[in-house]
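To keep things clear, I will list the structure first and then write my remarks on it.
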There are 2 protein chains.
Amino acid sequence: MDIESTDYRKEVTQRLQQAGVSPTQQRMEIAQILFARPQHLSAEQVLNIVNAQGPVVSKATVYNTLGLFARKGLVREVIVDPTKVFYDSNTSEHHHFYNVDTGNLTDIEPHSLKLESMPTLPDGTQAEGVDVIIRVRHSS
Amino acid sequence: MDIESTDYRKEVTQRLQQAGVSPTQQRMEIAQILFARPQHLSAEQVLNIVNAQGPVVSKATVYNTLGLFARKGLVREVIVDPTKVFYDSNTSEHHHFYNVDTGNLTDIEPHSLKLESMPTLPDGTQAEGVDVIIRVRHSS
DNA sequence: GTCAGTGCAAACCCTTTGCAGAAAG
DNA sequence: CTTTCTGCAAAGGGTTTGCACTGAC
């Protein structure tokens, strides 16, 4: 998973193309960071990482790109904090702990939490996703 | 539950006092709306309702009061939409459907959804709350 | 040349804050 | 009186938008 490797770049390129997103330079920069491993990053964090060694992608493009990736299913928006959105590069079904003290978001092991049943949805609607957030704070 | 009745006002007054919130005029206006029935209102909606027949409470006071009520456990913040916070006057444990098309928030019958088990929390943390959001949209 | 993509700065919108005046006890 | 609340307007902060420029085909 070397972020520099040619193989990894090819893999990321394919992933974008499969989602119907043309792999421009800036999108590749952002995608390579996100897809390097499953992680939760805010737009600001992505902006900082991608521009760590000099300006590469503008703020507007980071926001636009993350929004695009989310619409295309490449990342998942996690809404736990009214002040910012997190983007999760793990799109498989799983849930989250949110540390309200630190703002840290971590995965819940998929097998350690199950919903007992799916309730009847409101009339005329279909489920789009289920989010479970367990809010935690430093004990005592 | 007549919002005008003296009994209801007394009840609301007591509820505020029990939570350690002094029942000022503006807080009473807001509390009476919220506690009339279990409901989900954004700050803006509260502002509109409370000031429907003439200005009664300022925007700043609505935000401050809702934040205070939330800290005191009188209402529960529901974070489902990055653009606004909902305040739920039903503080008993329950979960929500969120209609992403309409922005409508509705309760899930408490008995129709159960978590199978509580996963192990991250080290040094204690649970503060569990939120389950089922996002739905108009079918077909 | 055309059109999608990008960058910058300004605009947006919900929310918070600073501070002076008003109300509560 | 003293302290807490409230209101106003301004500031804040994440996100979006308008528009001109760039670059890929």
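A, B, ... follow the sequence lines: proteins, then strands. Residue 1 opens every chain.
Each salt bridge (charged side-chain N to carboxylate O under 4.0 Å, His left out) pair with one or both residues in residues 82-110 of chain A, not counting sequence neighbours, would appear here, but there are none. Applying the salt bridge (charged side-chain N to carboxylate O under 4.0 Å, His left out) test to pairs two or more places apart or on separate chains, none has a residue in residues 47-73 of chain B. Residues in residues 95-135 of chain A take part in these ring-ring contact (aromatic ring centres under 6.0 Å, His included) pairs, two or more places apart or across chains: A/His40-A/His96, A/His94-A/His96.
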Name each donor-acceptor pair under 3.5 Å that joins a side chain in residues 126-134 of chain A to protein atoms two or more places apart or in another chain, with its distance.
residue	atom	partner	partner atom	Å
A/Gln126	OE1	B/Arg137	NH1	3.2
A/Gln126	OE1	B/Ser140	N	3.2
A/Glu128	OE1	B/Arg137	NE	2.4
A/Asp131	OD1	A/Arg76	NH2	3.1
A/Asp131	OD2	B/Arg135	NE	2.8
A/Asp131	OD2	B/Arg135	NH2	3.1

Which donor-acceptor pairs under 3.5 Å do side chains of residues 13-24 of chain B form with protein atoms, sequence neighbours excluded?
residue	atom	partner	partner atom	Å
B/Thr13	OG1	B/Arg9	O	2.7
B/Ser22	OG	B/Arg27	NH1	3.2
B/Thr24	OG1	B/Arg27	N	3.4

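Residues from residues 79-86 of chain A lying near DNA chain D, meaning a heavy-atom separation below 4.0 Å, are A/Thr83, A/Lys84, A/Val85 in numerical order. The stretch residues 96-105 of chain B has no heavy atom under 4.0 Å from DNA chain C, so no residue of it qualifies as close. A heavy atom lying under 4.0 Å from DNA chain C marks none of the residues of residues 42-55 of chain A.
Rounding to the nearest 0.5 angstrom, the gap separating the CD1 atom in A/Ile108 from the CG atom in B/Leu121 is 8.5 Å.
A/Val80 and A/Leu113 fall into different hydrophobic clusters, where Ile, Leu, Val, Met, Phe, Trp and Tyr are joined by side-chain heavy atoms under 4.5 Å apart, directly or via other members. Both B/Tyr8 and B/Val50 are assigned to one and the same hydrophobic cluster, defined by single-linkage of ILVMFWY side chains at heavy-atom distances under 4.5 Å.
If you walk DNA chain C from 5' to 3' and mark each nucleotide with an atom closer than 4.0 Å to a heavy atom of chain B, the marks span C/dC14 to C/dT17.
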Please list each protein N or O that sits under 3.5 Å from an N or O in nucleotides 18-25 of chain D, with the distance.
none

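The separation between A/Lys59 atom NZ and D/dG14 atom C1' is 8 Å, rounded to whole Å. Regarding B/Leu16, its CG atom lies at a distance of 15 Å from the C1' atom of D/dT4, rounded to whole Å. Regarding B/Arg71, its CZ atom lies at a distance of 13 Å from the C1' atom of D/dC5, rounded to whole Å.
In this structure, B/Gly67 and B/Tyr87 approach most closely via the heavy-atom pair N-OH, 4.5 Å. The shortest heavy-atom contact between B/Asn90 and B/Ser92 is OD1-OG, 2.7 Å.
Residue A/Tyr63 places at least one side-chain N or O under 4.0 Å from the OP1 or OP2 atom of D/dT15.
In this structure, A/Ile79 shares a hydrophobic cluster with B/Ile79, the cluster being traced through Ile, Leu, Val, Met, Phe, Trp and Tyr side chains under 4.5 angstrom apart.
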Legend entry - Stepwise side-chain contact (heavy atoms from CB on, under 4.5 Å) check, A/Asn104 with A/Thr106: CA-CA 7 Å; A/Asn104 219 50; A/Thr106 53; 3.8 Å; yes
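Contact annotation for B/Val56: backbone-only contact, meaning every heavy-atom pair under 4.0 Å involves sugar-phosphate atoms and none involves a base.
Taking the ring-ring contact (aromatic ring centres under 6.0 Å, His included) definition, one finds that B/His138 meets it with nothing, sequence neighbours left out.
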